[in-house]
Amino acid sequence: MSHTRNIVILTGAGLSAESGIATFRGPGGLWEGHRVEDVCTPEALARDPELVHRFYDARRARLAEVAPNAAHVALARLDAEWPGQLLIVTQNVDDLHERAGANRLLHMHGELKSALCAACGDSAEWEDSLPPEIECPNCGTPALRPDIVFFGEMPYHMEVIETALSDADLFVSIGTSGAVYPAAGFVQTARHHGAQTLELNLDPSAGSSLFGESRLGPAGTLVPEWVAEMLDRG
Ligand code: OAD
């Protein structure tokens, strides 16, 4: 990976697994005891707002019990020390990247610690529980929902991400199963623009064969090793 200046890193649930946050596609196929379509779609929110809000309230409350792991810390170090362009794009809705100190970071699937008003489109930082009847601080309508990109909704920051991918010399995917688009297609976009590609994951992902190099193991071990390689070389 000589001549690497611009790096785009995609992270997924596997990055936070060693912090004690459950991944989505575990052995039972359930996410924290629920089918994804019962808690992560606009239809679910319309049908049973109490359930969806309670579900995300529990996930938000859990953040106080977990901490960044060695992989988050290593990526924050790379962010601080890498002299070229760098962008961490996370599919995770937890706040562990920022608590580890990462700055060049985008949450493409939203954030647990944010509430989105379905009436005015404003979003606000949110720490506590979010009952469906609570009023939007901006417009006063009781239309706040978890600021999570549900299935069928457009992920955030896509233009910035596409530009970064087209300028990338290296694309690295960490702890994601490659099952959800558009994130699963980033490796192809990056390759198309001439980037080298590396996957760090516990198991081979759906798109493993698309990567130039694949390293298998826990993120808490693989990521600090890779970051040390990059910074030694740089
Ligand atoms: P998944 O649960 O689909 O995949 C997690 C991946 O992490 C799997 O490939 C595991 O093998 C791997 N993994 C598990 N433990 C690991 C560890 N310690 N180190 C490294 N890898 C490990 O999660 P995502 O790919 O992130 O969307 O899921 C993508 C999206 O699907 C999520 O962002 C979510 C969900 O619907 C929203 O919430 C909007």
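Counting starts at 1 for both ligands and their atoms, following the listed order.
Ring centroids of His34 and Phe55 are separated by less than 6.0 Å, placing the two rings close together.
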Let me see the working for Leu63 and Asp95 under side-chain contact (heavy atoms from CB on, under 4.5 Å), right down to the final yes or no.
CA-CA 8 Å; Leu63 295 181; Asp95 61 351; 3.9 Å; yes
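Set against the non-hydrogen atoms of Glu18, the atoms of ligand 1 under 4.0 Å away are 17 (C), 18 (N), 19 (N). Set against the non-hydrogen atoms of Phe151, the atoms of ligand 1 under 4.0 Å away are 36 (O). In the vicinity of Pro218, heavy-atom distances shorter than 4.0 Å reach the ligand 1 atoms 19 (N). Ligand 1 places these atoms under 4.0 Å from at least one heavy atom of Gly12: 26 (O).
With hydrogens and angles ignored, the 3.5 Å screen pairs a side-chain donor or acceptor of Asn92 with a backbone N or O of Ala13.
No donor-acceptor contact under 3.5 angstrom links the side chains of Thr197 and Glu213, judged on distance only. Glu153 and His109 form no side-chain donor-acceptor contact under 3.5 Å, judged by distance and modelled atom types alone. Counted by atom type alone, Ser16 and His97 present zero donor-acceptor pairs between their side chains at under 3.5 Å.
The closest side-chain heavy-atom distance from Met108 to Ile161 is below 4.5 Å. At least one side-chain heavy atom of Phe211 sits under 4.5 Å from a side-chain heavy atom of Ser173. You'll find the side chain of Ile88 stays beyond 4.5 Å of the side chain of Leu106, heavy atoms only.
Heavy atoms of Val149 come nearer than 4.0 angstrom to ligand 1 in at least one pair. Under a 4.0 Å heavy-atom criterion, Val93 is not in contact with ligand 1. Under the 4.0 angstrom criterion for non-hydrogen atoms, Ala71 is not in contact with ligand 1.
The protein heavy atom nearest to atom 31 (O) of ligand 1 is Arg25 NH1, 3.0 Å. In terms of protein heavy-atom proximity, atom 6 (C) of ligand 1 is closest to Gly175 O, 3.6 Å. Atom 3 (O) of ligand 1 has its closest protein heavy atom at Ser177 OG, 2.6 Å. The single protein non-hydrogen atom nearest to atom 11 (O) of ligand 1 is Asp203 OD2, 2.6 Å, given as residue, atom name and distance. Among protein heavy atoms, the minimum distance from atom 21 (N) of ligand 1 is reached at Leu202 N, 3.2 Å. In terms of protein heavy-atom proximity, atom 16 (C) of ligand 1 is closest to Gly14 O, 3.5 Å. Regarding atom 32 (C) of ligand 1, its nearest protein heavy-atom neighbour is Phe24 CE1, 3.3 Å. Among all protein heavy atoms, the one lying closest to atom 30 (C) of ligand 1 is Val180 CG2, 3.8 Å.
The residues Lys113 and Glu127 are annotated as salt-bridged, a charged nitrogen and a carboxylate oxygen being separated by less than 4.0 angstrom.
Heavy atoms of Ala17 found under 4.0 angstrom from ligand 1 belong exclusively to the side chain. Residue contacts with ligand 1, taken as heavy atom pairs separated by less than 4.0 Å, involve Gln91 via backbone and side-chain atoms alike. Of the heavy atoms in Phe150, none comes closer than 4.0 Å to ligand 1.
Polar contact with ligand 1: absent for Val36 (N/O pair, distance under 3.5 Å).
Cation-pi geometry between Arg60 and Tyr56 is not met at under 6.0 angstrom from the ring centre and within 45 degrees of the axis.
Comparing heavy-atom distances from atom 12 (C) of ligand 1 across Asn201, Ile174, Thr176 singles out Asn201 as nearest.
Across Thr23 and Ala17, no two heavy atoms sit closer than the pair CG2-CB, 4.1 Å.
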